[in-house]
Chemist: 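What follows is a single structure, and I will ask about it in a moment.
Residue numbers begin at 1 in each chain, while the letters A, B, ... track the order of the sequences.
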Amino acid sequence: MINNIREAFFRNLWTENQVVRQILGICSILAVTNLMVNTLVMGLGLMFVISLSSLTISALRNYIPHRVRMIVQTFIIASYVILVDIFLKANYPELSRALGPYIGLIITNCIIMGRAEAFAQKNTPFISMLDGLFAGLGYTIVLMMISFVRELLGFGSIFGVNVNFLQLDTWTIMVMPPAAFFIIGVMIWVATALSTPKQTSQPAVQALSRGQQALANQQVKAGN
Amino acid sequence: MGQGMEVSPIVILFAAIFTSNMVLANFLGMCSFISVSNEYKTASGLGKAVTLVMVVTTVLNWLVYRWIVLPLGLEYLRFIIFIVVIAATVQIIEMVLDRYLPDLYIKLGIFLPLITVNCAILGISLFMVIRDYGFFQTLFFGIGSGLGWWLAISALAAIREKIAKNKLPYGLEGPAISFIITGIIALAFIGFSGIFIIQ
Amino acid sequence: MKGYTYTIVFTFLISAILTTVLAVANQYYQPKIQRNEEVAFKRAVLYVLDITPETEDQVETVFAQSIRAHSVDGAEVYVREGQDGQIQGYAVLMYGSGVWGSIQGYLGVSADRRVLLGIEFIAHSETPGLGGRIDESTYKEQFRGVPLLDRPISDGDVDGITGATGTSNAVLRIVNNTIDQLLPKLEVGL
């Protein structure tokens with residue numbers, strides 16, 4: 001049991017990190033990575049949704065009819081996201097306003113559905129919940145690193161606290177969208193270079209995306 | 001006021017394609033954007049399918065939101081309702097194409113299942129609600145966002161095809177270089193905001 | 001195996017349960033959400049009149065003490081009054097179109113109508129990281145103390161946001177329009 005937990009922890013945080021290894025779930029959060037507070041809130045929201053939906057889906061795994069599996073899973077995920085949305089609106093209205101529609105987009109974050117399909121379906125509730133939690137944590141850590149760079153260089157602050165003691169010029173580009181692409185690109189590069197053995201020339205492109213890609217390419221050829 | 005009447009649909013169309021592109025400025029639809037962009041032909045096919053689905057679902061969601069969700073006071077359930085509408089629409093489009101336009105189905109049909117989970121589609125519907133758009137604004141927003149997404153993925157795929165044979169530093173191949181290229185494209189697109197100064 | 005009826009019953013049940021939970025949560029939090037909107041509005045009015053209370057309770061007390069609402073031609077003008085009834089500034093709703101949708105906020109001018117006291121946004125839908133940066137205090141604070149004698153206010157008075165020319169221009173246009181409409185009303189007197 002302990003081994004399972006440890007395995008889930010390391011797998012999700014490093015060897016199969018959802019962002020830098022599997023390139024999943026980038027859509028919903030990248031837009032708010034210019035401030036660390038926003039990123040943290042989105043990350044916590046995601047961790048809440050992913051762990052509880054993994055728990056629920058795993059608990060119901062023997063009851064959910066196969067043919068409506070996806071829609072039931074989406075329903076469960078969406079419900080938790082709505083709870084987060086209502087909670088933020090009630091207790092942290094300013095954050096809710098700053099994050100706007102991005103809270104709702106947690107639903108389409110591929111990681112949640114990915115964990116549900118790949119793990120929660122086949123495992124017991126408790127370990128599924130932890131797997132989801134760790135996947136969310138690995139994701140949040142990566143995004144916090146991105147937003148740390150963006151906020152530090154873009155505003156000269158960390159969590160809104162000014163640390164620009166030397167009054168250096170801040171880099172406007174860091175606040176703008178392109179910076180997020182550059183930073184995440186470099187992070188994936190570093191993560192791939194650090195870990196994958198040299199002989200595998202193809203970097204760890206995630207299985208799902210490779211599958212999607214191969215399927216799509218193949219069928220386009222067949223279609224013509 | 002409140003209706004957002006003032007912004008003209010044409011302005012929304014151009015803004016959605018160029019200055020505030022869904023992928024390049026809002027990071028929506030990233031997953032398939034990165035993973036299905038290694039061949040131009042495939043990428044362009046996905047772009048067309050996304051455009052089609054985006055226009056249809058945004059308009060449907062607008063109708064559902066105005067005529068069902070708002071009168072019943074179900075705003076807090078909108079996420080679920082939108083997702084259901086999107087999933088159902090994709091299914092129906094798939095069946096209609098298969099039945100009546102088999103040629104098009106062969107070209108676009110395979111992309112449709114990938115699209116249900118594309119965050120850009122849900123994103124557009126959520127933006128449309130938050131921005132309180134009217135019917136024509138929504139229609140042009142859907143068209144513009146779809147075209148913008150198509151343009152962006154085609155550009156990325158074309159560049160990736162060009163550099164496919166070049167030798168890159170270890171670890172930079174694939175996703176990493178795609179993100180960096182995307183960043184450069186995004187930077188270039190910001191330049192459009194100097195041309196389309198909205199008055 | 002599990003039949004068709006089971007599938008329908010299961011889907012129906014789970015939808016019913018989830019919807020009920022959400023409806024209860026929504027009901028429970030609704031009063032709080034409404035109060036938040038109220039506080040956000042009062043905070044915005046106070047902010048543009050250069051009062052920045054910290055807590056929600058302070059917002060309520062300060063607003064009740066020093067702000068009087070007057071209706072002029074169907075539009076509300078919020079007047080800041082000092083202890084002795086001396087007028088210190090006027091605040092008014094401003095709105096207009098941004099790049100994506102309407103931008104709404106408040107704007108305050110000084111009692112002598114020569115200086116802009118401040119602006120604040122309560123709703124907009126500009127792109128995060130680009131036009132959305134109008135919410136940053138570095139941008140908003142630039143409007144404090146801008147003289148109104150040589151209008152319109154232009155990008156010579158306040159710096160726009162890099163990469164968001166459309167939004168920056170829209171804000172200037174909204175601010176100038178609002179001031180143009182407000183000042184004649186104040187000339188007449190409340």
Side-chain angles (χ1 to χ4, degrees), chain A residues 23-31 70-71 74-75 78-79 81-82 85-86 100-102 104-105 107-110 113 173 176-194 196 198 201-203 205-206 208-210 212-213 215-217 219-224, chain B residues 23-39 41-42 45-46 76-80 82-84 87 106-107 109-111 114 116-123 125-127 129-130 169-187 189-190:
Chain A
I23 330 292
L24 277 183
I26 292 156
C27 5
S28 52
I29 290 196
L30 219 48
M70 297 292 258
I71 196 79
T74 313
F75 241 70
S79 304
V81 174
I82 293 172
D85 184 50
I86 296 175
Y102 290 92
L105 289 171
I107 298 173
T108 48
N109 190 312
C110 343
M113 202 61 139
I173 188 176
M176 290 158 60
F181 289 114
F182 293 137
I183 298 169
I184 199 169
V186 171
M187 283 180 72
I188 292 168
W189 179 15
V190 171
T192 319
L194 277 185
T196 330
K198 282 264 181 188
S201 59
Q202 180 71 17
V205 185
Q206 43 112 354
L208 172 75
S209 111
R210 197 159 45 201
Q212 278 188 357
Q213 208 167 293
L215 179 83
N217 287 341
Q219 300 215 17
V220 165
K221 280 181 192 125
N224 289 290
Chain B
V23 198
L24 303 173
N26 286 312
F27 307 99
L28 293 179
M30 287 303 298
C31 294
S32 34
F33 181 75
I34 296 295
S35 62
V36 194
S37 60
N38 62 344
E39 275 186 30
K41 208 162 191 166
T42 321
L46 180 66
Y76 66 98
L77 286 180
R78 64 182 185 279
F79 300 160
I80 290 187
F82 286 168
I83 276 281
V84 171
I106 290 169
K107 284 195 185 113
I110 45 150
F111 297 113
L114 299 183
T116 321
V117 290
N118 185 322
C119 29
I121 310 283
L122 178 66
S125 292
L126 294 178
F127 279 130
V129 167
I130 287 217
Y170 175 72
L172 192 60
E173 315 92 331
I177 191 71
S178 306
F179 274 108
I180 292 171
I181 295 170
T182 311
I184 296 170
I185 300 177
L187 207 50
F189 268 54
I190 285 177

Chemist: What distance separates L122(B) CG from I107(A) CD1, expressed to the nearest 0.5 Å?
Modeler: 6.0 Å

Chemist: Heavy atoms only: give me the nearest I83(B)-T108(A) pair and the separation to one decimal.
Modeler: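 The pair with the smallest heavy-atom distance is CD1-CG2, 4.2 Å.
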
Chemist: How far does OH of Y102(A) sit from CG of N26(B), to the nearest 0.5 angstrom?
Modeler: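 The distance works out to 3.5 Å.
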
Chemist: Find the distance between CD1 (I177(B)) and CD1 (I188(A)) and round it off to the nearest 0.5 Å.
Modeler: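 Reported value, rounded in 0.5 Å steps: 11.5 Å.
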
Chemist: Within this structure, what is the CZ-OG1 distance for the pair F79(B) and T74(A), rounded to the nearest 0.5 Å?
Modeler: 14.5 Å

Chemist: To the nearest 0.5 angstrom, please state how far the CD1 atom of I181(B) sits from the CZ atom of F181(A).
Modeler: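 It comes to 12.0 Å.
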
Chemist: Under 4.5 Å heavy-atom distance to chain B, tell me which part of I183(A) shows up: side chain, backbone, both or neither.
Modeler: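 For I183(A), there is no contact with chain B at all, as no heavy atom is under 4.5 Å.
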
Chemist: Heavy-atom distances under 4.5 Å only: say whether I180(B) touches chain A with side chain, backbone, both or neither.
Modeler: both

Chemist: Under 4.5 Å heavy-atom distance to chain A, tell me which part of L46(B) shows up: side chain, backbone, both or neither.
Modeler: neither

Chemist: When you measure from the side chain of W189(A) to the backbone N and O of E173(B), does any donor-acceptor pair fall under 3.5 Å?
Modeler: no

Chemist: Let me confirm one number: the CD1-CD1 distance from I184(A) to I34(B), rounded to the nearest 0.5 Å.
Modeler: 8.5 Å

Chemist: Closest approach of I82(A) and Y76(B), non-hydrogen atoms and distance?
Modeler: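 Scanning both residues completely, I find the closest heavy atoms to be CG2-O, 3.2 Å.
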
Chemist: Looking at chain A, which one of I184(B), V84(B), I185(B) has the largest number of heavy-atom pairs inside 4.5 Å, strictly under?
Modeler: I184(B)

Chemist: Work out which heavy atom in I80(B) is nearest to a heavy atom in A78(A); give both atom names and the distance.
Modeler: CG1-CB, 3.4 Å

Chemist: Do you know the tightest heavy-atom contact between P178(A) and G183(B)?
Modeler: CB-O, 3.5 Å

Chemist: Give the minimum heavy-atom separation between G185(A) and A176(B), together with the two atoms involved.
Modeler: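 Nearest pair, atom of G185(A) first, then A176(B): O-CB, 3.4 Å.
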
